[in-house]
Amino acid sequence: MNVFDIQTNEFRSRHIGPNEAETGQMLETIGVSSLEELIEKTIPSSIISEKTPALPGAQNEYEYLQELKKIAEQNKVFKSYIGQGYYGTITPSVILRNVFENPGWYTQYTPYQAEISQGRLESLLNFQTIVADLTALPFSNASLLDEATAAAEAMSMLFHHVNKAGTPGKPKFFVDTALFPQTIDVLITRAAPIGIELVFGAYQDISVDDSFFGAIVQYPDNNGSVNDYRSFINEVHNINGYVVMATDLLALTLLTAPGELGADVAIGSAQRFGVPPGYGGPHAGFFATKEEFKRNMPGRIIGISIDAQGSRALRMALQTREQHIKREKATSNICTAQALLANMAAMYAVYHGPEKLKQIATRITVLAKTLSDGLNELGYINVNSYYFDTLKVQVNNASKIKSIAENNEVNFRYFDEKYIGISLDETTSQEDVLNILYLFAEASGHSGVSLTFNEDDLPDNIPDHAIRHSGYLSHQVFNSHHSETEMMRYIRLLENKDLSLITSMISLGSCTMKLNAATEMIPVSWPGFAQIHPFAPAYQVKGYTYIINALSEYLCDITGFDACSLQPNSGAQGEYAGLLTINRYHKATGNENRNVVLIPISAHGTNPASAVLAGMKVVVVKSDEEGHIDVADLKTKAEQYTDTLAALMVTYPSTHGVFEESIKDICRIIHDNGGQVYMDGANMNAQCGLTSPGTIGADICHLNLHKTFAIPHGGGGPGMGPICAKEHLAAYFPSHIFNDKIELRAHPFPDSHGAVSAAPYGSASILLISYAYIRLLGAGGVKAATQYAILNANYMRSRLEKYFDILYLGANGTCAHEFIVDLRPFKPTSGVEAEDVAKRLMDYGFHAPTMSFPVPGTIMIEPTESEDKAELDRFCDALISIYHEIKAIEEGKISKTDNPLKNAPHTLQIVCADEWTHPYSRQEAAFPLSYITNNKFWPSVSRINNTYGDRNLVCTCEPVESYMEAEKS
Ligand SMILES: *Cc1c(COP(=O)(O)O)cnc(C)c1O
């Protein structure tokens, strides 16, 4: 290699952990002579791709950022007044730097291991409190994907609540046409497959009868109007229906809350709480509801419980409602949501506090009123009598104003030739309002404008019926950290309680917690990408268009497919979008009756949940003793349903971490019986550059860009779940009203395939991360990453198999990029369960691997390519040390009930307490191996009691005193 080659491949050597010498040692441990030999032994030759993907060559970080700056410049950052759910907002620098751009906040996993996740759990609890307070509905979840999908989740939850099993007696859902168009688009997609009948109209005119289960209205609405929905809500309640209100958190600092108006569910987006629009995302959707629905709520809920010492501790509540348990009985498929962005929004509210938030909102509404008056003087009419931040202005010639505005780098919302929308926000200044007036004056031939700012009172554009009298955010957390010093320390205080990739490896099988390189992350906060409205005109977003086209092409190359849709904003949304695509294809080819989907028993819970959402019938396929799909059972079922078979959903390599030799036969059987093969791409980290879904014979797949393609997990989101497919399916991908110029007025859209996300490219700004990942690695690097992912997993397997049973290996005794360690044999001999091992790993400074998926009582380890040998060895040493601890229990050297595993994790407080009564030492408790001395991570609470919190469900910040009182009683 000459010096220039080395420079080009610099990133590869930084992304991949083991160096050449370590690679040699690891191969020796495994017992193979080369990486190539290991791959040959692992991946069946019949599915090895003949050619490597035609990706561009590698770039180093410096070259990449130089090039990306030029691409960013192709996006034009205009002043945006488009609104429609996406607003200008000021991200406080202390939050930008310490949360958004801080790997201590963005590299964590979903807080399943609650004892080492108390920081983000606390912040998510703040988020829930903010949503609950502002909406005046007591139960909020910890975020959903976006506003439109949150609306669809609300509709679906109410539908299933009202129409228990059997034929729906109440199939109708009223949709007010003054809802954001993208929300309507997503509702239409979601309603049809599960048999919901949407009825469109104006809430003032509709009379709902017994056949309605609910209704949705927006507050303030799509036009910006603040309406009084009280009597409408009563009407819906009178027929035993429920009302969803789409709303805006900032507006609610001034407006009567949905809960006070009688709404049953409130949903929306928390974007304008400090999260830049990012051409569509990511930002946190929110969802709040009444007590009655707390067990049916979609998404994750953070709740308060106690730990083994009886102290307050947080964890995810009511896990049993989740799709991964309910499978085909699930009513939602939400897994990854928007934790990082919920945390940003929560921090925004913590930083500002209730008074400042109200001030921000008041200032916006005063400016809106001033603008409305000024426009009036120019002869323009704002058709909204009551509004918060948005005017709908009647004009003669919208295109003339549009051209004047765009010449001045200003975007308004153009409803049609007659109406222009103007949404003001936190970034709007008095000067901006003057500038808007000048633009309108120019269009109407006026030479000057005059205006008076009314800055003290709440102007009369907020009607009496909507003035909020109730308080909010009175908890001390929202009234303490208003100086930057305090805020910085609060963020850091929470960060320190969370184990993330900045501490040690997180070897979560199926979740691929690899390096999220700083260079990949940096452009996401550049204004050229962050400050772009998702509905900005195409000529202003050439930079994004370039990235979207290039990334689509790369992903097609990698998957061996022909077309890509970047709309789904999580893996589960990708599954849902992919299955809808298959359904439409069958329908278009005269096979409307094909609705059966075969799903192996070992599949991830989102697979059957997504299938049900897509209106399909799930038929479960057995696994054989090796954990492989039982091909005979598959064949029988495919033939049994040959007239109605729609698809197979298959994960490859399997969820057991094995490249099944039979995969090509499996695909053939499905095709022979008229079905399509859907591949769950969660395990693409074992395929990229070596084989592909196209090569194995699948028709369509999703990719988890937040697993394989380096988007960080953010503590439970964001993610992106694009789908790639063969040519014959491409025409049936999701569409989007703002992409395909579909006429909204004709309901339901006859030609629309329906959107699955609020924005045309989902959480578009984080596509930059995956784009960067591929550009930095290049074709060779992407392939090397896969080889090293397999090497690292097999190295750990080789070290650990001397102590533990490893389940499900391939024909040559190797694993793919992950492997399953069986802990079940220890229970009868020592009483130790998988959970004890997981908690004990915390004392060793590690996050547990994936627990009990896909096999109960096991852990699944996926090291990824980004960990070096030393870290893999530390993790193996920890597990081996735990093995010896278990042996000591088995041999009766230590108590079955009082031992380091059962008491794990050990907090600093426990270890330093004056009293120590255990039959092992404090040293053994907290520093069982020498490496720990150098990098001790202290869990901030001891083992959490899950059932306690579920019995006494508390999902918002409670004053500590009252909590302790409840505790005593
Ligand atoms: C992560 C995962 C999913 C779900 O992806 P989300 O982005 O969390 O919705 C689906 N299937 C498998 C096998 C996974 O590992």
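Order of appearance sets the numbers: ligands from 1, and atoms from 1 within every ligand. Note that the structure is predicted; figures quoted are calculated from it, not measured.
The closest protein non-hydrogen atom to atom 14 (C) of ligand 1 is Lys707 NZ, 2.9 Å. In this structure, atom 15 (O) of ligand 1 lies nearest to the protein heavy atom Ser510 OG, 2.6 Å.
Between Tyr732 and Tyr585, the angle of the ring planes goes over 60°, which puts this pair in the perpendicular group of the 30/60° scheme.
The His706 neighbourhood of ligand 1 comprises atoms 6 (P), 7 (O), with distances under 4.0 Å to a heavy atom of that residue. Interface atoms of ligand 1 facing Thr606, defined by a heavy-atom separation under 4.0 Å, are 3 (C), 4 (C), 10 (C), 11 (N). For ligand 1, the atoms sitting less than 4.0 Å from at least one non-hydrogen atom of Ala572 are 5 (O), 6 (P), 9 (O), numbered in the order shown with element in parentheses. The atoms of ligand 1 that sit less than 4.0 Å from any heavy atom of Thr336 are 6 (P), 7 (O), 8 (O), 9 (O). Listed by number with element, the atoms of ligand 1 under 4.0 Å from a non-hydrogen atom of Glu575 are 10 (C), 11 (N). In summary, the atoms of ligand 1 found under 4.0 Å from a heavy atom of Ala682, numbered by their order in the structure, are 12 (C), 13 (C), 14 (C), 15 (O).
In this structure His817 satisfies the ring pair (Phe, Tyr, Trp, His ring centres under 6.0 Å) test with no other residue, sequence neighbours excluded.
Residues Gln338 and His283 bring no donor and acceptor atom of their side chains to less than 3.5 Å of each other. In this structure, a donor-acceptor pair under 3.5 Å is present between the side chains of Ser123 and Asn343.
Under 4.0 Å from ligand 1, not a single heavy atom of Gln573 appears. Contact annotation: for Asn704 versus ligand 1, heavy atoms closer than 4.0 Å belong to the side chain alone.
Considering Glu818, Glu862, Lys707 as possible partners of Thr512, the one that fulfils the side-chain hydrogen bond (donor to acceptor under 3.5 Å, both in side chains) test is Glu862.
Here side chain to side chain donor-acceptor pair (under 3.5 Å) pairs that include residues 850-860, with residues two or more places apart or in two chains, number zero.
Between Gly571 and ligand 1, an N or O atom pair is found at a separation short of 3.5 Å. Of the polar atoms of His702, none of the N or O atoms is found under 3.5 Å from an N or O of ligand 1, judged by distance alone. When only interatomic distances are considered, the shortest N/O to N/O separation between Asp680 and ligand 1 falls below 3.5 Å.
A salt bridge does not link Lys514 to Glu867: none of the charged nitrogens lies less than 4.0 Å from a carboxylate oxygen.
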Next item on the list: Mind running ring pair (Phe, Tyr, Trp, His ring centres under 6.0 Å) on Tyr279 and Phe529 for me, showing each step along the way?
Entry: CA-CA 7 Å; Tyr279 196 43; Phe529 293 113; 9.7 Å; no
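Residue Phe287 holds its CZ atom at 13.0 Å from CD of Glu147, rounded to the nearest 0.5 Å.
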